[in-house]
Protein chains: 2
Amino acid sequence: MNKNISDIARMAGVAKSTVSRYLNGGSVSAKTKQKLERITREAGYVPNTFAQSLKAKRNNLIGTIVPRLDSFAAAQTMTGIDEELREAGGRMLVYNAGQDRTRELEAMTDLARQKVSGIILMPAQVTEEHLRTAEAAGIPVLLIGQSNPALHSLVYDDYRAGLLMGRHVLDMGHRRIAYLGVTEEDEAVGLRRKEGFRAAAQECEDCEIFYYESSFKIEDARLAAERILDECLPSLIVCATDNIALGVMKTAHMRGLSVPSELSITGFGGYEVTGIIHPALTTVRFPYYEAGRLAARSMLRLTAGEEVKRLTVIDVELLPQESVDNLNTASV
Amino acid sequence: MNKNISDIARMAGVAKSTVSRYLNGGSVSAKTKQKLERITREAGYVPNTFAQSLKAKRNNLIGTIVPRLDSFAAAQTMTGIDEELREAGGRMLVYNAGQDRTRELEAMTDLARQKVSGIILMPAQVTEEHLRTAEAAGIPVLLIGQSNPALHSLVYDDYRAGLLMGRHVLDMGHRRIAYLGVTEEDEAVGLRRKEGFRAAAQECEDCEIFYYESSFKIEDARLAAERILDECLPSLIVCATDNIALGVMKTAHMRGLSVPSELSITGFGGYEVTGIIHPALTTVRFPYYEAGRLAARSMLRLTAGEEVKRLTVIDVELLPQESVDNLNTASV
DNA sequence: CATTCTTTTGGAACCGGTTCCTATTTTTAA
DNA sequence: TTAAAAATAGGAACCGGTTCCAAAAGAATG
């Protein structure tokens, strides 16, 4: 049923090289061009991509490895990558690493086997093994969210995010604050975000900060919040991600604490849900979608052998909403 | 740098057919097997998947077309598909249709070109053109969420979902109810869900139901809720999706209406966020993840030429939470 | 009209595997 | 020890394209 290039050549009474040239815009006379136009259309001819890729030794696929499919950040980033690639005729092959480092490495190897043109990776941390695997893959690898001098990276300005948030909550009059972070192994979220916040705190003499740690899971955050409220009763909890903030908010509701009048809460990320819940969550917006587009654009340039800046820092934006009480006016 | 099968054959002093046989478990003597084991390992040899697919005329890719990447349902379904395929050595190629029917059709054609083994589609509606395109693709196409006699389909029991929800809210004593649905062009969400609900309403004589329509967007739902509250002031709004319910909840908060004591709200879907927000949203859980797994399993059987039931109905489950007031006890 | 330069075309080789068929070697049975 | 059977290996064709090179055809020039 499906015709191949030889069939078409035979039907048109020409050599298959002529058909190939016709399809790829080579020099073909107007007459044969017309004939081939008609015949390929009538036969519904579609070139076999395997055969094309076999000869070309490359395809238009970009592998994207995400830590999980059901996260706002991953979804937005993927959407951005997908749209940018599509406009350039490329395609996105998604791999879900399920937040498992081994699967992340396997995914890279596997994508290299499939001979994708490049890999966009959203890792939680970059290990020596990541570098070795990327090296072995022999194709461009671009990181989003984490950076490494050995690879091309696209990072958010996590330090500034922490700084902005810190200054904002201090401005609002909060002095007794809990910071609920994540493991420092995650350099971006765990370390730099916290350091930015700490820097803001150090600009203010009379504030007390309590540092806590949780996982990225909402349920773990909920439990951590229980501990925080039992131990130090802050006026505000700064959470390292919006999801963590949701967990903390849940705890507040369960304890009957009113947000923000009895407990203020902030997040990081700018997830859609932060604007929908009540009270809307004060957070720092990370432009995931734009980062995805930018990543795809950079990757296309890399696969074309063009130069790309090794490290790009993406700006973030404070998004003050309702979940932070203004203690200045309250005391007036 | 990268070796091909001929290189390996030369290095081992055998014919490439022998190498191929070694790789694919054909009859090879213990001695050559050992030798090839060593050589392929040392050379880091990896077969070229294009060449394999070219000969085999098929690959292990399953195309998945989702309406959008950033929806809970899509994310869960993709995760299910991905995990099931991975266990069977298959891979998922994701296409984002961006809620655009034209792009959905293009995606099918495009996937067929890439010679994926099968397509899993999550359409908002199935048109004649979908059928034609699927037919032309010449590979198995499986629908999730919508059904069509011409294709293999996996649907949720939307009618029962509506029925369960209807009975539940009536049980809770609500009699003046608004149903905020979506277009009936969406047979599953727009039509059957509503019909189930209507059937439940008809089991009760003294209830008044007001039907409204919105899009799937939270913001549109928010606006629709404004209209509903202005026009008929029900004790409860049944929303056709959890996202719509979130929009309605937003309006309630903005108007200072307490949920559920002044306005009860329900959704459909069982999105993660429904359990996190306060009050937690009463909804019907749709097992998206399991559906994804099931879809992948069915697709693998289809590509293997095995028989698969044409229509599978997936059961749903009522998830009563806090957003529905019990008017029975209230009046006691 | 002959000659030269361009444009168009066909043929063959190639990309990197798999598979079929035949030849050779090894094993088993007689 | 030899014949028959079984296991192993090699060679060639094939999958469906692209590309290089040489031949043929057409256009331009003197």
Side-chain angles (χ1 to χ4, degrees), chain A residues 1-40 43-61 89 110 112-117 138-139, chain B residues 1-41 43-61 89 91 110 112-117 138-139:
Chain A
M1 169 205 157
N2 269 334
K3 309 250 176 293
N4 63 29
I5 199 170
S6 303
D7 296 329
I8 301 296
R10 200 173 319 114
M11 289 162 71
V14 299
K16 62 180 192 165
S17 51
T18 303
V19 180
S20 175
R21 236 175 289 121
Y22 160 71
L23 292 168
N24 297 294
S27 85
V28 182
S29 73
K31 203 168 48 183
T32 48
K33 199 174 291 185
Q34 243 179 27
K35 187 164 50 178
L36 283 171
E37 195 282 321
R38 185 175 53 76
I39 290 181
T40 51
Y45 170 68
V46 170
N48 180 317
T49 51
F50 300 145
Q52 292 180 314
S53 303
L54 175 57
K55 183 69 180 179
K57 287 170 176 292
R58 67 192 300 275
N59 56 21
N60 60 357
L61 288 172
D110 205 57
R113 278 205 46 188
Q114 308 254 340
K115 298 261 188 299
V116 301
S117 307
I139 49 177
Chain B
M1 170 205 157
N2 270 334
K3 309 248 175 295
N4 64 30
I5 199 170
S6 303
D7 296 329
I8 300 296
R10 198 173 322 113
M11 288 162 73
V14 299
K16 62 180 192 163
S17 51
T18 303
V19 180
S20 176
R21 237 176 288 118
Y22 160 71
L23 292 168
N24 298 293
S27 84
V28 182
S29 74
K31 203 168 49 183
T32 49
K33 199 174 292 185
Q34 244 181 24
K35 186 163 52 178
L36 284 170
E37 196 282 322
R38 185 174 54 77
I39 291 182
T40 51
R41 186 166 35 73
Y45 170 69
V46 170
N48 181 317
T49 52
F50 301 145
Q52 293 180 312
S53 303
L54 174 56
K55 183 70 180 181
K57 287 171 177 290
R58 67 194 298 276
N59 56 21
N60 61 357
L61 288 172
R91 297 294 176 253
D110 205 56
R113 277 204 48 187
Q114 307 253 342
K115 297 261 189 300
V116 300
S117 307
I139 48 177

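Remark: Q34(A) engages no residue in a side-chain hydrogen bond (donor to acceptor under 3.5 Å, both in side chains) (not counting sequence neighbours). With sequence neighbours excluded, the residues satisfying side-chain hydrogen bond (donor to acceptor under 3.5 Å, both in side chains) with T32(B) are S29(B). In this view, T49(A) satisfies the side-chain hydrogen bond (donor to acceptor under 3.5 Å, both in side chains) rule with no residue, not counting sequence neighbours. Listed by chain and number, the residues in a side-chain contact (heavy atoms from CB on, under 4.5 Å) with S20(B) are I5(B), N24(B) (sequence neighbours excluded). With sequence neighbours excluded, no residue forms a salt bridge (Lys or Arg N to Asp or Glu O under 4.0 Å) with R113(B). Every residue meeting the side-chain hydrogen bond (donor to acceptor under 3.5 Å, both in side chains) condition with D110(A), not counting sequence neighbours, appears here in chain and number order: Y95(A), R91(B).
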Quick one: which protein N/O atoms are closer than 3.5 Å to N/O atoms of nucleotides 10-15 of chain D? Pair and distance per line, please.
residue	atom	partner	partner atom	Å
dG10(D)	OP2	A15(B)	N	2.9
dG10(D)	OP2	T18(B)	OG1	3.0
dG10(D)	N7	S17(B)	OG	3.2
dG10(D)	N7	R21(B)	NH2	3.0
dG10(D)	O6	R21(B)	NH2	3.4
dG11(D)	O6	S17(B)	OG	3.3
dC14(D)	O2	K55(B)	NZ	3.1
dC15(D)	O3'	K57(B)	NZ	3.2

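With axes fitted over five pairs at each extremity, the angle between the ends of the helix from dC1(C)-dG30(D) to dA30(C)-dT1(D) is 40° (10° resolution).
T32(B) comes within 4.0 angstrom of the backbone, heavy atoms only, and of no base. Using a 4.0 Å heavy-atom distance criterion, Y22(B) is classed as making no nucleic acid contact.
Side-chain nitrogen and oxygen atoms of S29(B) include at least one within less than 4.0 Å of the OP1 or OP2 phosphate oxygen of dA9(D).
Counting only residues at least two apart or in different chains, salt bridge (charged side-chain N to carboxylate O under 4.0 Å, His left out) contacts with residues 8-34 of chain B comprise D7(B)-R10(B).
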